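Worksheet for the structure shown next.
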Protein chains: 2
Amino acid sequence: MTATAGLTAKGAATRARIVATAADLVLARGVGGTSLDDVRAGTLTSKSQLFHYFPGGKSELVLAIAELQMQRVLQAQQPYLETLDTWAAWDGWRDALVAYYGSQAHWGCPIGTLVSELVGTDPAAAAEVVGHLNRWRGHLRDGLSRMRDGGLLRPDADPERLALAAFASVQGGLLLAQALQSIEPLSAALDAALAALHAAAPVGHPGVAPHRTISG
Amino acid sequence: MTATAGLTAKGAATRARIVATAADLVLARGVGGTSLDDVRAGTLTSKSQLFHYFPGGKSELVLAIAELQMQRVLQAQQPYLETLDTWAAWDGWRDALVAYYGSQAHWGCPIGTLVSELVGTDPAAAAEVVGHLNRWRGHLRDGLSRMRDGGLLRPDADPERLALAAFASVQGGLLLAQALQSIEPLSAALDAALAALHAAAPVGHPGVAPHRTISG
DNA sequence: ACAATATTGGACCGGTCGGTCCAGGCGCTC
DNA sequence: GAGCGCCTGGACCGACCGGTCCAATATTGT
């Protein structure tokens, strides 16, 4: 579904190079802090190429960046994300996220920081990025739904609300990771999110004890 | 400690008016999306006044905005924030936060969104805003420390880490609130954060059951 | 080989941005 | 009431930014 129609292999490669480089720049300096000239310089291209591959201008480029980052982050959560219906899967998911973001030079969610910047300046683009966020969040909710149906969560547990909370921990953890320049906030936030999930397990059936939460 | 030296009452009022209006604009459109001309138009002032009251230019204005928003949000958490050493106080704190942000037209943490935008474009300003964040977070940690000393948390609980997680829930909840245009994410995130805190209580002494977490 | 199409380079433009400058108005003090 | 320092208005500037345009070059299909 990516806009790669009518592109030769060379063209597609150039387009990919532009998106990848621009993604790094935006991650480091934000959308507003990254000019098209910066992208041009960083990719050894010319202004016309930017508008050739992204006729919609900066907005379209930002959208492509969001799509790329979304692919990356979803990839990093495989195979746990699709099967978040056991406690073990959630543990694996947690570790995969910490490992992925811990391996990067910059922190801050490439998607989350985007929305807070686009809302109010580019609502159309923001809406599309929010769609990505919802897709991600949907995986969490679906897993929790299956856990509830399978008796791993109490019948009155609300998968939608629990997923919202867990996802908020991810986003907040990454925001603080960016602020404090450390992976620790994400790690702590995820541990707490899992502890909150365990608290929604049936009494006397609490799964594995989330001991990681309380002792650093 | 605010830079109000050598200001007439009239001057101080003008300065305050500028900061208040600029704060709203920045909250709605972000730092990059708010120009000094926007501020000028919104305050019925002139360019020279902006630089008269904020010789450091936009950076200094942003810092003043951050300070104002910090005062506001701390004020909204009174009196719970200073005495977060009982479960009741945490419940009150949760409700105060939801009430405060629910009453606003725009969501998104006025401080949190600032750092993600300033990191990478204005590191000096970002550092100062992070200082505000740490001050806020410190209150949570101090409360948890006292709870542990008082036996309300297990001796091996880590107040620093727990505070980090709870604060991440606040920030993440607000980020999602901004994205989804609803207060629900903040509410869900805070409930989960409290559930995680309860999970660090001594066994057989779990305080009040965090029933709000699982059923919406 | 040759035409159609994809790709590239870079000059150029209008608008906007943060920031400077100076001249005049206002209110306080002695 | 006269001087002095805070306050205000707005023209102005250089830099930068997103975006357009056109000409030139490579690549592909036949």
Side-chain angles (χ1 to χ4, degrees), chain A residues 2-22 25-26 28-65 114 117-118 120-126, chain B residues 2-19 21-22 25-26 29-65 114 117-118 120-126:
Chain A
T2 53
T4 48
L7 289 189
T8 64
K10 186 179 182 182
T14 301
R15 197 194 122 105
R17 180 163 44 95
I18 292 174
V19 176
T21 305
L25 289 174
V26 166
R29 320 209 289 241
V31 175
T34 305
S35 73
L36 295 185
D37 274 318
D38 291 336
V39 177
R40 188 191 49 75
T43 54
L44 298 175
T45 57
S46 66
K47 208 70 167 296
S48 68
Q49 299 185 58
L50 260 42
F51 285 86
H52 178 68
Y53 293 110
F54 308 95
K58 198 175 187 180
S59 279
E60 191 174 336
L61 176 58
V62 167
L63 252 38
I65 291 172
L114 240 47
E117 198 175 349
L118 291 180
T121 61
D122 193 342
Chain B
T2 53
T4 48
L7 288 191
T8 306
K10 187 178 183 182
T14 300
R15 196 194 122 106
R17 179 163 46 94
I18 293 175
V19 176
T21 304
L25 290 174
V26 166
R29 319 209 290 241
V31 175
T34 306
S35 72
L36 293 186
D37 274 318
D38 292 336
V39 176
R40 187 190 50 73
T43 54
L44 298 175
T45 56
S46 65
K47 210 72 167 294
S48 67
Q49 298 184 58
L50 262 41
F51 286 86
H52 178 69
Y53 293 110
F54 308 95
K58 199 175 187 179
S59 278
E60 190 173 338
L61 177 57
V62 167
L63 252 37
I65 291 172
L114 240 47
E117 199 175 347
L118 291 180
T121 60
D122 193 342

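Values in this document were obtained by computation on a predicted structure and should not be read as measured data.
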Can you tell me how far the [atom1] atom of [X] sits from the [atom2] atom of [Y], to the nearest 0.5 Å?
{"X": "A/Thr34", "Y": "A/Ile65", "atom1": "OG1", "atom2": "CD1", "value": "7.5 Å"}
{"X": "A/Ile18", "Y": "A/His52", "atom1": "CD1", "atom2": "NE2", "value": "9.5 Å"}
{"X": "A/Leu61", "Y": "A/Arg15", "atom1": "CG", "atom2": "CZ", "value": "8.5 Å"}

Whole angstrom is fine here: how far is it from [atom1] in [X] over to [atom2] in [N]?
{"X": "A/Leu44", "N": "C/dG10", "atom1": "CG", "atom2": "C1'", "answer": "15 Å"}
{"X": "B/Arg40", "N": "D/dG10", "atom1": "CZ", "atom2": "C1'", "answer": "9 Å"}
{"X": "A/His52", "N": "C/dG10", "atom1": "NE2", "atom2": "P", "answer": "17 Å"}
{"X": "A/Ile18", "N": "C/dT7", "atom1": "CD1", "atom2": "P", "answer": "11 Å"}
{"X": "A/Arg17", "N": "C/dT8", "atom1": "CZ", "atom2": "P", "answer": "7 Å"}

Partner set under side chain to side chain donor-acceptor pair (under 3.5 Å) for B/Ser48, not counting sequence neighbours: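 So B/Ser48 forms a side chain to side chain donor-acceptor pair (under 3.5 Å) with B/Ser46.
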
Polar side-chain atom of B/Lys58 near backbone of B/Val31 as donor-acceptor pair, under 3.5 Å: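 The answer is yes, because a donor-acceptor pair under 3.5 Å joins these two groups.
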
N/O donor-acceptor pair under 3.5 Å between B/Glu117 side chain and B/Gly32 backbone: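 Side chain of B/Glu117 to backbone of B/Gly32: a pair is present.
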
Residue-phosphate contact under 4.0 Å: B/Tyr53 side-chain N/O, D/dT8 OP1/OP2: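 Yes.
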
Any A/Gln49 side-chain nitrogen or oxygen under 4.0 Å from OP1 or OP2 of C/dT8: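 Yes, because at least one side-chain N or O of A/Gln49 sits under 4.0 Å from OP1 or OP2 of C/dT8.
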
Per-nucleotide protein contact string for nucleotides 13-30 of chain D, where B marks a base within reach and S marks sugar-phosphate only (heavy atoms under 4.0 Å, - for neither): ----SBBBB----SS---

